[in-house]
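Nothing here was measured: the structure is a model prediction, and the numbers come from that model.
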Amino acid sequence: MKKLTHLPRWTLLLTSLAAVTPAAAQTTAPAASAAPAQFIAPKIDWSRELKVMSGVTIADNGDLIYLGSDSRIRRTDAQGKEKWTYAAGDIGRANPVVTPQGSVLAASYDDHLYLLDPNGKLQWKLKLDGDIYASPALRLDGSFIVGTAGGSVYALSADGKVLWQYKVGAPVFSSPAVAADGTIYFGAQNNRMHALTPDGTLKWAYAAGSLVFSSPAIGREGGIYFGSSDRKIHALNPDGTLKWTVPTGLFVNASPIVTSTDLVVVGSYDGKVYAVNTTGENEWVYTAGAPIAGAAAELSDGTILIPDLSGTVHAIGKAGQRLWTIQTGKKIDTAIAVSDAGTVYFTTEGGALNALQKQRPLAVGPWTTFHALPSGWGRALSANDLQARTAARRAAATAAIAALKPAPGSTPAPTPTPVRPPTATTPPAGTAPGGTGPVVTTPATPVRPPVTTPTTPATPTRTPEEAARLAGAGARAVGRTVYLPLAETAQALDMAVKVLSPRQATVTVLGSPVLVSTVTLDGRAYLPLSGLARLPGVTVKTDPAAGTVNVTRLARTRSFPVNFGKAVSLEVLRTTY
């Protein structure tokens with residue numbers, strides 16, 4: 001179990017529909033139901049409550065691998081029947097990686113990586129310097145690249161030895177991608193996309209306008225594509241210079257795919273899906289009507305499948321027209337997964353796994369699903385890889401599938417008019433190689449969350465000063481960590497709260513929801529003082545002589561009177577942040 005003093009998860013940001021700020025909601029496109037589906041959607045063949053929490057990875061034999069909400073690494077067959085489980089030390093959201101030998105590399109919030117053999121037996125585990133939110137990548141030589149919330153990127157040998165460590169200095173939630181020449185690309189919370197040599201030396205760092213949660217996709221020509229909280233889709237050349245940017249209505253935290261026809265496809269929190277060609281022009285823009293956090297997948301017939309946070313799966317035709325939708329009513333914030341046999345999987349809030357069988361398999365292309373392959377390798381595919389995928393998917397790609405039937409009352413959708421944006425943004429004169437420009441500081445924005453649980457009960461009406469006094473009076477010390485009662489602390493600082501689990505909660509900071517670690521004491525949720533001090537725009541100063549903890553937010557300071565003699569010693573207080 002993770003120690004209570006270990007709090008690297010504070011920056012993981014919520015992506016639920018309810019988390020969209022009022023300003024964001026005003027710019028979101030109309031609801032998907034405003035435009036009826038043109039065809040009858042395929043029926044969900046089965047839906048099973050399997051406690052799925054991470055993205056689902058698919059082995060070459062069709063087995064499914066994921067991390068569950070019970071902190072167990074699980075492997076099932078293609079129908080969801082369990083084959084084995086292995087107990088990790090905590091939950092995790094990263095997609096596992098399945099090696100060509102069938103071994104499984106899984107990452108957890110307990111700072112550990114686990115390598116399990118095809119039968120679920122532990123081969124090795126390794127502790128790194130922070131929670132592992134980003135999905136690892138597998139290199140051609142069998143070694144792994146892993147980013148951590150502790151602010152490092154590691155290269156690990158196939159037997160679990162650290163080959164090198166690159167210290168980013170900011171959390172890494174963007175899953176690394178490995179190019180054909182071995183270059184490693186990843187985004188970080190310092191607003192930059194980085195490129196490392198195969199031996200871990202920085203080649204360049206490109207500054208976006210805000211945070212980079214989005215995992216990069218690599219195109220056929222070696223271009224690097226990703227989204228940012230600066231409300232843009234970015235395209236870079238392999239040397240780090242800017243190819244183009246395309247504006248979106250809101251932030252882009254989802255990871256792009258690159259289709260078999262070389263379109264960059266990604267969804268945004270503005271409720272739209274963008275398909276951008278290699279010159280930076282929108283070939284089409286599709287209105288989903290709800291924010292999008294999960295990656296798309298391209299099927300072999302050119303259909304794009306993508307989920308949104310309202311719980312709708314959208315099927316989009318080659319010209320950007322709506323084909324059909326499946327509305328589940330439960331949030332979907334992980335990528336669509338598709339097996340080589342043509343089964344489509346998606347996970348809804350609460351951990352249910354849903355399957356559409358006898359569909360098309362993935363298209364064969366440079367990056368047609370999250371991390372390039374169902375097995376999640378996260379590297380550019382060689383000609384041999386592409387040939388192997390073509391052979392593996394041939395049967396499902398050529399199988400006879402019943403034609404789609406028009407939906408009642410629907411009329412053929414007109415072909416969307418391509419949307420041409422203004423001239424693609426290029427680096428201004430004098431910009432250094434790598435496209436590095438001024439970094440614009442913007443509020444933190446949402447990213448994929450863990451599962452949700454009911455909200456906290458309404459807090460009685462009281463003034464912020466009264467809430468601060470109650471919070472200070474309720475301060476607790478556990479070991480060397482100081483805790484303040486969550487409800488009163490948030491009320492004192494004018495921050496809304498939604499409890500996700502006994503160990504996590506979201507608080508609204510600068511208009512955006514931020515995930516923080518909590519602990520339950522005597523049935524109440526408490527926030528560690530160290531976590532409070534790390535929230536964006538929040539500063540904490542202690543004054544033991546005056547018996548106060550002074551918290552400043554939005555230029556307003558609240559004093560929390562703490563009985564230092566009773567609640568905590570000065571020595572403990574100084575070690576909390």
Side-chain angles (χ1 to χ4, degrees), residues 52-68 72-76 83-86 88 91-126 128 131-148 153-163 172-179 182 184-186 215-218 255 295 297 334-335 337-340 345 362 367-382 385 388-389 392:
V52 184
M53 191 169 190
S54 72
V56 174
T57 296
I58 306 175
D60 285 350
N61 68 349
D63 284 355
L64 312 176
I65 302 97
Y66 61 90
L67 275 82
R72 302 191 75 89
I73 304 164
R74 297 179 180 272
R75 185 170 189 148
T76 76
K83 287 191 168 183
W84 52 254
T85 72
Y86 181 88
I91 58 175
R93 295 280 280 168
N95 282 54
V97 174
V98 181
T99 71
Q101 297 75 35
S103 296
V104 173
L105 182 75
S108 167
Y109 287 169
D110 65 357
D111 306 351
H112 280 82
L113 285 167
Y114 299 82
L115 187 77
L116 309 174
D117 73 10
N119 298 313
K121 181 180 178 181
L122 181 67
Q123 299 299 289
W124 52 260
K125 68 177 183 178
L126 180 67
L128 301 181
D131 290 350
I132 306 166
Y133 188 88
S135 301
L138 174 67
R139 294 201 285 188
L140 192 61
D141 63 0
S143 62
F144 303 100
I145 302 297
V146 187
T148 73
V153 171
Y154 293 84
L156 307 176
S157 67
D159 58 359
K161 302 294 190 300
V162 175
L163 300 175
V172 177
F173 301 134
S174 166
S175 301
V178 182
I184 300 152
Y185 302 111
F186 64 92
S215 303
I218 301 175
S255 302
T334 52
V338 185
S339 74
D340 287 344
Y345 299 95
L362 288 169
W367 209 273
T368 57
T369 187
F370 175 72
H371 247 200
L373 286 176
S375 49
W377 291 357
R379 70 167 185 253
L381 303 181
S382 67
D385 291 331
R389 297 343 291 174

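- Remark: side-chain polar atoms of S108 are paired, donor with acceptor, to backbone N or O of I91 under 3.5 angstrom.
- Here the CD1 atom belonging to I73 is positioned 5.0 Å from the CG atom belonging to L116, to the nearest 0.5 angstrom.
- A heavy-atom distance below 4.5 Å is found between the side chains of L105 and L113.
- Taking OH of Y345 as the start and OG1 of T57 as the end, the distance is 12.5 Å to the nearest 0.5 Å.
- Using a 4.5 Å heavy-atom cutoff, the side chains of T369 and V338 are not in contact.
- Two residues are said to be in side-chain contact when any heavy atoms from C-beta on lie closer than 4.5 Å; P96 and Y114 fail this criterion.
- Here the closest non-hydrogen pair linking D141 and S143 is OD1-OG, 2.6 Å.
- Considering every non-hydrogen atom in both R75 and A59, the closest pair reads NH2-CB, 3.6 Å.
- Using the six-membered ring where Trp is involved, W367 and H371 have ring planes that are perpendicular, over 60° apart on the 30 and 60° scheme.
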### Query
For R74 and V52, what are the C-alpha separation, side-chain angles and deciding distance, and is it a side-chain contact (heavy atoms from CB on, under 4.5 Å)?
CA-CA 9 Å; R74 297 179 180 272; V52 184; over 6 Å; no

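- With hydrogens and angles ignored, the 3.5 Å screen pairs no side-chain donor or acceptor of R379 with any backbone N or O of V178.
- In this structure, OG in S375 is found 11.0 Å from CG in N61, a value given to the nearest 0.5 Å.
- P216 and A177 get closest at one heavy-atom pair: O-CB, 3.7 Å.
- The only option from V153, V162, V97, L128 that meets the side-chain contact (heavy atoms from CB on, under 4.5 Å) definition with V146 turns out to be L128.
- A distance of 7.5 Å separates CG of L156 from CD1 of I145, quoted to the nearest 0.5 Å.
- For the pair I184 and P176, the tightest heavy-atom approach, listed with the atom from each and the gap, is CG2-CB, 4.2 Å.
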### Query
Run the side-chain contact (heavy atoms from CB on, under 4.5 Å) check on Y86 and V104 step by step: do they pass?
CA-CA 11 Å; Y86 181 88; V104 173; over 6 Å; no

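- Distance OG/S339 to CG/L64: 8.0 Å, rounded to 0.5 Å.
- Of all heavy-atom pairs between P100 and L138, the closest is CD-CD2, 3.8 Å.
- Atom CG of L381 sits about 4.5 Å away from atom CG of L373, to the nearest 0.5 Å.
- The existence of a salt bridge linking K125 and D111 is excluded, since no basic side-chain nitrogen approaches an acidic carboxylate oxygen closer than 4.0 Å.
- In terms of heavy-atom proximity, A380 sits nearest to I218 at CB-CG2, 4.4 Å.
- Using cut-offs of 30° and 60° for the angle between ring planes, the Y133 and Y109 rings count as parallel.
- Partners of K83 by side chain to side chain donor-acceptor pair (under 3.5 Å), not counting sequence neighbours, listed by chain and number: D63.
- With W124 contributing its side chain and A158 its backbone, the two residues share a donor-acceptor pair below 3.5 Å.
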